[in-house]
Trainee: 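Just passing along the structure, written as structure tokens.
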2 protein chains.
Amino acid sequence: MKYIHYMTETTEVLDRVLLLAHLVQADMARFEREEGLTSARVHLLWVLGSTGPSTQQALAHALEVTPRNVTGLVDGLVASGHVTREAHPGDRRATLVTPTPLGAATIEGLTSSHADLARRLFGDVPPARLAVFAEVLDGTTQRFARLMDQVQES
Amino acid sequence: MKYIHYMTETTEVLDRVLLLAHLVQADMARFEREEGLTSARVHLLWVLGSTGPSTQQALAHALEVTPRNVTGLVDGLVASGHVTREAHPGDRRATLVTPTPLGAATIEGLTSSHADLARRLFGDVPPARLAVFAEVLDGTTQRFARLMDQVQES
DNA sequence: GTCATGTAGTGAATGTACTTCACGATGTAG
DNA sequence: CTACATCGTGAAGTACATTCACTACATGAC
């Protein structure tokens, strides 16, 4: 054997990333159950929280689903009282999906619980190590984007 | 201001983890389209690859879905020729879901493409940095498991 | 052996998420 | 004003997932 490798297998690292993501997702599922929402609808609310009142087209693009699907999700959120369809000033075709007070509260809870989770997961990691972690993560993500583009072209 | 913080926000780090997971998932979706499979069925095949021929109960447990759902997924995979239902020796109630040659080839492709992706993502990261990355990841995952247990109890 | 109880898988019914296709209503460029 | 693109939605269909009820089989108590 050429190396005594006390090496970190790349596959194992990838698996851990995926495992962590899965756990975070499971935590989200808990939130969803508590709020009586589904993950697709929570996702829509999340986007709405980042962008403010949006047309369904914009939501479809952000969620990477078809506009038709957004119609259904918004229907559900209107029924549960989380959003309303407001008239778009200047384009009578479009509707502005807008959070109600209930919806805004849900988004608030979502954001704070997200930040809370992040703090609990990474808050105790020494800054230097966390910085390395973030850098590796960032580099990897960028490398990934480049790989995807290559595939896209072929 | 108390600190000149060149600090890495924990929320940002969490978001990057989730982003990377999302990208990896998108890559999986590409694989699924190429194979004409859905993510739920690929997931089942993946588990089957890790555990070998399994009862539907075992699969339901591993996939964290109801046994009834596994019935449907296996139906689909039988129809597409990826698995067969074999008699369980010693328990005539149970069926052993078993990969066909086609299914085994798919699992093989899945495994190698997964390893390939991991190598391309993390292969160029200096070992020392990758080790830190993996350690932070591992610690975080364990911390998470402890948090989930706390919630479970309450 | 038989009887009670539990376990493995499935039919029926239901709900959500998602898609494509077709269409009406509105915006926009020429 | 006409052609064309865009915004949302009805209709129809697929996949994933659930619960509930049921059959077939296993297993331990007696």
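In what follows, chains carry the letters A, B, and so on, assigned in the order in which the sequence lines appear, proteins first and then strands, with residues in each chain numbered from 1. These figures come from a predicted structure and were not determined experimentally. Atom set for the values below is all heavy atoms of this structure, side chains included, hydrogens, waters and symmetry mates excluded.
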Trainee: Please confirm whether the shortest side-chain N or O distance from B:Thr55 to OP1 or OP2 of C:dA8 is below 4.0 Å.
Mentor: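 B:Thr55 to C:dA8 OP1/OP2: no side-chain N or O under 4.0 Å.
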Trainee: Can you tell me if A:Arg92 touches the phosphate of C:dG27, counting only side-chain N or O atoms and a distance under 4.0 Å to OP1 or OP2?
Mentor: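 For C:dG27, OP1 or OP2 has a side-chain N or O of A:Arg92 closer than 4.0 Å.
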Trainee: Assess whether a salt bridge exists between A:Arg85 and A:Asp75, defined as any Lys/Arg side-chain N lying under 4.0 Å from an Asp/Glu carboxylate O.
Mentor: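 Result for this pair is yes, salt bridge flagged.
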Trainee: Ignoring backbone atoms, test whether B:Gln56 places a side-chain nitrogen or oxygen under 4.0 Å from the OP1 or OP2 oxygen of C:dT10.
Mentor: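 Affirmative; the distance criterion is met.
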Trainee: In this structure, how many angstroms lie between the C1' atom of D:dC16 and the CG atom of B:Leu44, rounded?
Mentor: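 Distance check: B:Leu44 CG to D:dC16 C1' gives 13 Å.
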Trainee: Roughly how many Å is it from CG in B:Leu37 to P in D:dA15, rounded to a whole number?
Mentor: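 Checked: the CG to P distance equals 11 Å.
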Trainee: So what does A:Ser39 hit on the nucleic acid, given a heavy-atom distance under 4.0 Å: a base, only sugar-phosphate, or nothing?
Mentor: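 Nothing, no nucleic acid heavy atom in range.
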Trainee: Give the nucleotide from the list D:dA17, C:dT10, D:dC7 with an atom nearest to the side chain of B:Arg85.
Mentor: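 My answer, after comparing the listed nucleotides, is C:dT10.
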Trainee: I need the CG-C1' distance between B:Asp75 and D:dA17, as an integer number of Å.
Mentor: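 Distance check: B:Asp75 CG to D:dA17 C1' gives 14 Å.
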Trainee: Indicate, with a heavy-atom threshold strictly under 4.0 Å, whether A:Thr95 touches base, sugar-phosphate, or nothing.
Mentor: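 The answer is sugar-phosphate, as A:Thr95 gets under 4.0 Å only of primed atoms, P, OP1 or OP2.
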Trainee: So, OP1 or OP2 of C:dT19: does either fall under 4.0 Å of a side-chain N or O from A:Thr66?
Mentor: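 For A:Thr66, the contact criterion (side-chain N or O under 4.0 Å from OP1 or OP2 of C:dT19) is met.
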Trainee: On DNA chain D, does the nearest nucleotide to B:Thr38 precede the nearest nucleotide to B:Gly90 from the 5' side, or the other way round? Give the residue.
Mentor: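 Its nucleotide being nearer the 5' end, the pick is B:Thr38.
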Trainee: Under 4.0 angstrom, heavy atoms only, what part of the nucleic acid is A:Arg68 near: base, sugar-phosphate, or nothing?
Mentor: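 The answer is base, as A:Arg68 lies within the cut-off (heavy atoms under 4.0 Å) of a base atom.
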Trainee: Base, sugar-phosphate, or nothing for A:Asp91, non-hydrogen atoms under 4.0 angstrom?
Mentor: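 A:Asp91: backbone/sugar contact only, no base atoms under 4.0 Å.
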Trainee: Go through C:dC18, C:dT10, C:dT20 for me and flag the one nearest to the B:Thr71 side chain.
Mentor: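 Ranking C:dC18, C:dT10, C:dT20 by closest atom to the B:Thr71 side chain puts C:dT10 first.
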Trainee: Using a 4.0 Å heavy-atom cut-off, does A:Arg41 contact any base of the nucleic acid, only the sugar-phosphate backbone, or nothing at all?
Mentor: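 Sugar-phosphate contact only.
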Trainee: Does a side-chain N or O of B:Gln57 approach OP1 or OP2 of C:dT7 to a distance below 4.0 Å, or not?
Mentor: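 No, outside the criterion.
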Trainee: For B:Glu135, is there an ion pair with A:Arg129 - N to carboxylate O distance below 4.0 angstrom?
Mentor: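 Here A:Arg129 pairs with B:Glu135 in a salt bridge, since their nearest N and O are under 4.0 Å apart.
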Trainee: Take the protein atom CG of B:Asn69 and the nucleotide atom C1' of C:dA12, then report the distance between them rounded to whole Å.
Mentor: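 My rounded result for the distance is 15 Å.
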Trainee: Figure out the NE2/P separation between B:His88 and C:dT7, and round it to whole Å.
Mentor: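 In whole Å, C:dT7 P lies 15 Å from B:His88 NE2.
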Trainee: Rounded to whole Å, how long is the line connecting atom CZ of A:Arg33 with atom P of D:dA17?
Mentor: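 Spelled out: CZ on A:Arg33 to P on D:dA17 is 15 Å.
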Trainee: Can you measure A:Glu64 atom CD to C:dT19 atom P for me and round it to whole angstrom units?
Mentor: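 These atoms are roughly 10 Å apart.
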